[in-house]
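Quick notes on the structure that follows.
We use all heavy atoms of the structure for the numbers below, so side chains are in, but hydrogens, waters and symmetry mates are not. Counting from 1, the numbers follow the sequence of the chain as shown.
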Amino acid sequence: KLVKKLSKIRRENDVFVDGKVEILHAENGVFAFKRTKGDNEIVVAINAGNYAFSVKAENYTDLISGKTQKSYDLDKNSYLILKRRTHEHK
């Protein structure tokens, strides 16, 4: 089920195919990057570290859960795929 969800996210967001990549964080078991193409922006954060933490992301929607929050918990051994909300989606 997760693989189908991830495949759907990739198909629906061409930013994964040819968007510009920017590394946001890469240390202590945590890796985060941003992909952008035009007005589209997706942030992927992977926590393979030993500590959980919160990610402030007011204008983003979690593409896995569908939730829009002001911050997201990134537990140990977890990940987030966040899409920046554009003005027409607010």
Side-chain angles (χ1 to χ4, degrees):
K1 188 174 181 175
L2 177 61
V3 172
K4 284 184 180 183
K5 179 87 169 177
L6 293 173
S7 294
K8 182 178 186 235
I9 289 170
R10 185 177 184 282
R11 274 193 319 274
E12 293 176 350
N13 295 281
D14 63 346
V15 70
F16 284 114
V17 177
D18 56 0
K20 178 183 171 191
V21 179
E22 178 184 346
I23 305 300
L24 301 174
H25 188 89
E27 63 181 82
N28 300 322
V30 178
F31 181 70
F33 65 93
K34 173 171 66 172
R35 293 205 67 160
T36 55
K37 181 178 179 184
D39 290 337
N40 295 320
E41 177 179 297
I42 291 183
V43 174
V44 177
I46 302 163
N47 185 359
N50 293 322
Y51 303 99
F53 60 92
S54 283
V55 176
K56 289 183 183 178
E58 283 189 34
N59 295 314
Y60 291 80
T61 299
D62 180 354
L63 293 180
I64 298 294
S65 70
K67 293 180 182 178
T68 300
Q69 303 171 178
K70 291 187 177 185
S71 67
Y72 298 87
D73 293 327
L74 189 58
D75 297 325
K76 296 187 302 184
N77 299 311
S78 68
Y79 60 91
L80 291 169
I81 303 173
L82 304 174
K83 183 172 186 175
R84 184 175 54 131
R85 292 182 295 144
T86 57
H87 295 289
E88 62 267 12
H89 292 108
K90 287 185 178 179

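One finds the CD atom of Glu41 at 10.0 Å from the CG atom of Asn59 (value rounded to the nearest 0.5 Å). Thr61 OG1 to Ile81 CD1: the interatomic distance, rounded to the nearest 0.5 Å, is 13.0 Å. To the nearest 0.5 angstrom, Glu22 atom CD is 12.0 Å from Phe33 atom CZ. Taking CZ of Arg84 as the reference point, atom CG of Asn40 lies at 8.0 Å (rounded to 0.5 Å). Atom NZ in Lys34 sits 15.5 Å away from atom NE2 in His25 (nearest 0.5 Å). Distance CD/Gln69 to CG/Asp62: 7.5 Å, rounded to 0.5 Å.
Inter-residue side-chain proximity for Ile23 and Phe31 is flagged as met; some heavy-atom pair is nearer than 4.5 Å. Considering only heavy atoms from C-beta on, Leu6 comes within 4.5 Å of Ile64 through its side chain.
The side chain to side chain donor-acceptor pair (under 3.5 Å) search around Asn28 returns none, not counting sequence neighbours. Shown here are the salt bridge (charged side-chain N to carboxylate O under 4.0 Å, His left out) partners of Asp73, two or more places apart in sequence or in another chain: there are none. When the salt bridge (charged side-chain N to carboxylate O under 4.0 Å, His left out) test is applied to Lys8, the partners found at least two apart in sequence or on another chain are Glu12. Remark: Asn47 engages no residue in a side chain to side chain donor-acceptor pair (under 3.5 Å) (not counting sequence neighbours). Residues passing the salt bridge (charged side-chain N to carboxylate O under 4.0 Å, His left out) test with Asp39: none are found, sequence neighbours excluded.
Proximity of a side-chain donor or acceptor of Arg35 to a complementary backbone N or O of Phe16 within less than 3.5 Å is detected.
Hydrophobic cluster membership for Val43: Leu24, Val30, Phe53, Val55, Tyr60, Tyr72, Leu74, Leu80, Leu82 (Ile, Leu, Val, Met, Phe, Trp, Tyr linked by side-chain heavy atoms under 4.5 Å, directly or transitively).
Smallest separation of non-hydrogen atoms from Arg85 and Glu58: NH2-O, 3.1 Å. Contact between Lys5 and Leu63 at its shortest, heavy atoms only, is CE-O, 3.3 Å.
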